Amino acid sequence: MAHELPAECDVAIIGAGPAGLAAAAELRECGAGRVIVLDREPEAGGIPRHCNHPPYGLREFRRLMRGPAYAARLVQAAWDSGALIYTGATVTALHSGPRLTVSTAAGVQNIVAGRVLLATGVRESSRAERLIGGTKPGGVLSTGALQGLVHLRGMRPFQRPLLLGSELVAFSALLTCRKAAIRPVAMVEPCVRTVARWPAALLPRMLGIPLHLNTDLVAIHGEDRVREVVLRGPDGKDRSLQADGVIVSGRFVPEATLLRMGHLEVDPRSGGPVVDQFGRCSDPAYFAAGNLLRPVETAGWSWEEGCRAGRAITASLRGALPPPGGGLQVLAEGAALKYVLPQRLVPRGCGAGAADILQLRVTRPVAGRLVVTRAGAEIWSGQIRALPERRLTVPIAALPVGETGTLTLRLEERAP
Amino acid sequence: MPPRASPPASAPNSTPDSTLPEGRFDVAVIGAGIVGCALARRLTLDGARVVVLEKAAEVLDGASKGNSGILHTGFDAPEGSLELDCIKAGHAEYHEIRERLNLPLMRSAALVLAWTDAEAAALPGLIAQAQANGVTDVQALDAAEVLALEPGLAPSVQAGFRVPGEAIIDPWSAAHAYLLQALENGAVLLRGCEVTGGSYDGAGWRLETPRGAVTAGLVINAAGNYGDIVDQRLIGRTDFTLRPRKGQFVVYDKPAAALVGHILLPVPTKTTKGVVVCRTIWGNLLVGPTAEDQDERATATLVPAALAALKARGEAILPGLAAQQVSAVYAGLRPATQFKDYQIRRHEGQAYITVGGIRSTGLTAALGIARHVAGLAAGEAPWQPPADPLWPQMPMLAEDGLRDWQCAGNGGIVCHCEKVTRREVEAALTGPLAAQTLAGLKRRTRVTMGRCQGFYCTAELAEVTRGRLAQPMVGQDDGA
């Protein structure tokens with residue numbers, strides 16, 4: 001890893017996960033000068049470092065890899081391209097300029113950059129954010145914390161935990177448990193269906209772990225360690241279950257506090273920055289890519305966004321991007337739609353790493369017609385049937401890029 | 001100059017505190033909450049040889065672990081009460097000593113807000129009470145003036161008044177500082193040391209603990225939520241019964257702190273000061289507490305419906321909160337009794353002082369309570385105050401203070417949300433007040449207290465603390 005932080009560079013990338021590392025390599029291949037990647041962790045690679053299971057790498061390297069090998073390969077590719085990676089470097093503030101305040105073991109310093117790419121990723125929402133009741137014993141962990149303990153430190157924090165959630169990451173947690181000889185007492189999901197796609201949903205049955213759908217974790221009890229959990233099932237009744245830990249998985253939120261403390265516009269629906277199809281933020285010297293944009297996509301998807309951001313930033317440095325601002329504002333309407341991005345489509349915005357789809361998500365299981373309107377006129381529609389956290393897209397080619405005003409996405413739900 | 005943690009005075013602890021020291025103490029303080037810590041400091045500085053006996057594995061583990069972190073002026077305390085005297089004396093002394101101990105202070109001031117006609121009608125009485133209590137700088141405000149001061153408030157606010165002297169402090173570094181100053185000047189702390197019984201022979205006390213007998217000339221009961229039980233155990237009677245009052249809190253992540261400057265207080269009712277919205281010294285924003293009487297003394301249970309109601313109340317006061325993220329929730333227990341005022345009494349002929357019923361104002365009042373109790377203890381013995389007492393320097397954790405992550409040689413950041421450095425964690429694991437539990441380490445450093453609640457830092461922290469806490473962070477570390 002590199003040591004002395006430079007005082008200036010052409011592009012500073014915050015976050016050495018799949019998106020940030022992909023962007024670094026792409027930027028260098030496109031001929032960008034001094035590209036640096038800053039990561040606050042002791043090792044580069046991001047979340048895949050502690051996901052010690054496949055499938056990673058299919059999109060990027062056309063082979064099936066485990067997370068740590070995949071992370072190592074991304075780091076190597078960025079190094080080989082000539083980007084400099086700094087670990088143990090925490091960006092503590094974003095300023096216009098752009099200028100970054102960075103803390104390392106040596107104290108704080110400023111870095112002035114030509115462009116900045118934000119790629120700080122996501123984290124799982126905590127027990128506190130979900131307002132789970134009871135006491136606060138030790139042994140309540142997110143999947144991220146569990147995997148850090150098991151894969152990075154060789155520790156086993158509990159033996160019979162409850163696993164909350166059924167997103168893809170919950171199955172990653174199951175695989176981690178299996179490796180560490182941890183046997184969850186049960187898996188519970190508040191939604192009426194498993195959130196992750198088949199065949200992941202077969203895993204608990206294969207492992208002999210009871211799966212309770214339409215069930216909430218309402219309380220955790222214990223003094224020093226977890227003693228029992230209280231579940232509320234579809235009948236509305238509470239029942240206790242002995243457990244020595246809880247894995248609070250999923251419900252990802254962008255790691256966007258740095259952003260929220262700074263001058264960039266934040267989309268309350270996605271929890272990430274407001275961007276145009278180039279990933280350009282409200283301050284056009286800042287770009288964003290990967291899961292910071294929204295919860296949550298795969299590593300491969302984030303990697304692809306990083307590559308696009310690399311091309312877009314290269315074009316921006318050459319003055320080849322269309323001017324920021326203007327164009328179409330893209331809005332999701334109603335409670336069924338969680339978010340849509342990019343939130344802005346600027347005119348003449350294709351090529352040079354531009355996104356070719358709108359990404360959206362729903363908040364609950366839905367079926368019906370997704371409609372895009374502008375000034376009351378329907379522009380595009382499609383039948384959808386979706387669960388929360390499932391990928392939904394709308395082709396940007398079908399939209400009137402170049403026009404101004406507001407594009408509204410709305411869901412016309414079919415009666416069940 | 002980088003913030004300095006107190007110098008390590010002993011090797012890293014493997015067992016809680018030192019072995020039981022020889023000889024008789026002048027004073028035994030039972031309970032290492034904020035009050036016990038302030039008592040230990042005062043009496044040590046007055047020259048007494050003090051032992052502090054704490055039944056939990058860690059200090060500040062009872063009532064003092066969950067409060068709102070406000071340094072009160074006493075504007076709304078009952079006129080003529082001992083509580084008011086102690087608040088005023090404690091408030092003044094905190095200002096006097098805080099710089100020498102490197103303790104933070106955020107001069108936020110408070111707004112008392114009326115949201116209904118009935119509350120607005122109560123304001124003049126509260127202002128008169130503040131004047132009577134010697135808090136003479138309060139300013140009455142109409143709705144427009146309130147909104148000019150705090151534009152983020154819901155426009156339905158009717159009126160209010162401003163109390164300039166109300167401030168925000170770090171409730172844990174204050175207590176740690178008081179206790180550490182006592183320890184560095186000769187006091188002894190025994191954690192995991194419950195007083196199970198005792199006897200007074202006319203000349204002194206013999207207290208029974210799981211770690212052996214402790215002898216002392218004077219016993220002070222500062223056992224918080226267990227005050228009546230300790231009285232029963234030692235003097236066979238008690239003047240009050242504790243009924244802990246639970247307070248639940250919701251803490252929002254740091255961006256929410258930009259929504260408000262003042263401490264926002266409601267018009268109080270007979271039983272509670274009501275739901276407060278204020279920043280914390282660490283740059284978060286908190287909403288709470290609830291006020292729920294309960295019989296259970298040890299456990300404060302979080303209740304989802306109550307937390308949701310607090311969030312709703314917070315958003316009604318400060319609409320911008322709706323878009324903010326919750327970073328933590330917690331619950332504390334205030335030692336409420338059937339009496340409104342503090343229950344502080346010297347039991348004649350028994351060299352025994354009860355310090356009970358210290359509710360939510362204890363954080364502010366502790367230093368004043370300590371002075372008051374020292375007065376009751378005076379004449380006990382010809383104590384010799386130390387000529388040149390040591391003043392420990394506390395690590396600065398305030399968001400607007402000079403933090404260790406800004407200084408060279410910090411070892412890198414371990415907890416990213418709260419920007420806690422490896423050097424800060426190491427310092428908290430060493431010295432006479434070394435952390436014994438993860439909760440204790442959190443209170444000393446704020447590790448894992450932020451928005452991710454350990455998503456990023458748990459693994460590294462488990463590694464750093466391995467073998468160094470009386471209660472390990474991770475159940476088993478026998479490998480996977």
Side-chain angles (χ1 to χ4, degrees), chain A residues 40-42 50 88 90 92 103-108 123-136 138-159 179-182 218-219 221 223-225 244-245 248 253 255 257 260-261 266 268 271, chain B residues 2 250-251 253-255 258 298-308 311 323-331 405-413 416-417 419 421-423 437-439 450-460 462-463 466 471-480:
Chain A
R40 60 192 191 179
E41 295 280 320
H50 45 71
T90 308
T92 58
S103 169
T104 67
V108 282
R123 61 175 170 80
E124 292 165 287
S125 62
S126 68
R127 176 212 167 147
E129 280 170 285
R130 301 170 191 229
L131 305 184
I132 296 168
T135 59
K136 293 168 76 178
V140 180
L141 300 175
S142 62
T143 311
L146 169 71
Q147 294 183 330
L149 287 171
V150 170
H151 294 312
L152 303 183
R153 313 283 166 171
M155 293 182 180
R156 182 161 61 147
F158 35 53
Q159 293 169 53
K179 181 164 167 54
I182 295 166
V218 292
H221 293 295
E223 287 71 45
D224 300 328
R225 319 294 311 170
D244 66 352
V248 180
V253 289
E255 178 65 356
T257 300
R260 287 166 174 266
M261 300 290 279
V266 175
Chain B
V250 175
V251 184
D253 195 15
K254 296 181 196 302
T299 311
T301 307
L302 293 161
V303 181
L307 297 171
K311 278 188 75 177
Q324 298 292 331
Q325 292 175 340
V326 170
S327 65
V329 292
Y330 65 98
W405 61 266
Q406 295 164 293
C407 303
N410 61 50
I413 292 175
H416 303 298
C417 303
K419 300 195 193 87
T421 68
R422 184 176 290 271
R423 179 166 60 185
T437 65
L438 176 61
R451 69 195 73 92
C452 92
Q453 298 275 300
F455 178 89
Y456 292 109
C457 62
T458 296
E460 190 166 6
E463 185 73 32
R466 202 194 282 231
Q471 292 166 0
M473 227 183 109
V474 172
Q476 279 131 15
D477 47 11
D478 52 355

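Protein chains get the first letters and strands the later ones, always in sequence-line order, with residue 1 at the start of each. Note that the structure is predicted; figures quoted are calculated from it, not measured.
The greatest number of non-hydrogen atom pairs below 4.5 Å with chain A, out of B:Q406, B:Q453, B:Q324, is found for B:Q406. For the set B:G412, B:A331, B:P304, B:A300, the entry with the most heavy-atom pairs within less than 4.5 Å of chain A is B:P304. With chain A as the partner, the residue from B:V303, B:N410, B:T299, B:V329 showing the most heavy-atom pairs under 4.5 Å is B:N410.
The backbone N or O of B:F455 lies less than 3.5 Å from no partner atom in the side chain of A:E124, so there is not a single donor-acceptor pair. Listed for the A:R123 side chain is no donor-acceptor partner under 3.5 Å among the backbone atoms of B:Y456. No donor-acceptor pair under 3.5 Å is formed between the side chain of B:R451 and the backbone N or O of B:A328. Proximity of a side-chain donor or acceptor of A:E129 to a complementary backbone N or O of A:S126 within less than 3.5 Å is detected.
Neither the backbone nor the side chain of A:I182 comes within less than 4.5 Å of any heavy atom in chain B. With a 4.5 angstrom heavy-atom cutoff, A:R130 does not touch chain B via any of its atoms. Interface residue B:A308: backbone and side-chain heavy atoms are both found under 4.5 Å from chain A. Neither the backbone nor the side chain of B:L438 comes within contact range of chain A, judged by heavy atoms closer than 4.5 Å. With a threshold of 4.5 angstrom between heavy atoms, B:A258 does not approach chain A through any atom at all. Looking at B:S327, only its backbone comes within 4.5 Å of chain A, counting heavy atoms on both sides. Looking at B:R422, there are no atoms closer than 4.5 Å to chain A (heavy atoms on both sides), in backbone or side chain. Within the 4.5 angstrom heavy-atom criterion, no atom of B:T421 approaches chain A.
Residues A:R40 and A:E255 share a closest heavy-atom pair of NH2-OE2, 3.3 Å. Shown here for B:A459 and A:G148, the closest heavy-atom pair between the two residues is CB-C, 3.4 Å.
Using a 4.5 Å heavy-atom cutoff, the side chains of A:T90 and B:W405 are not in contact.
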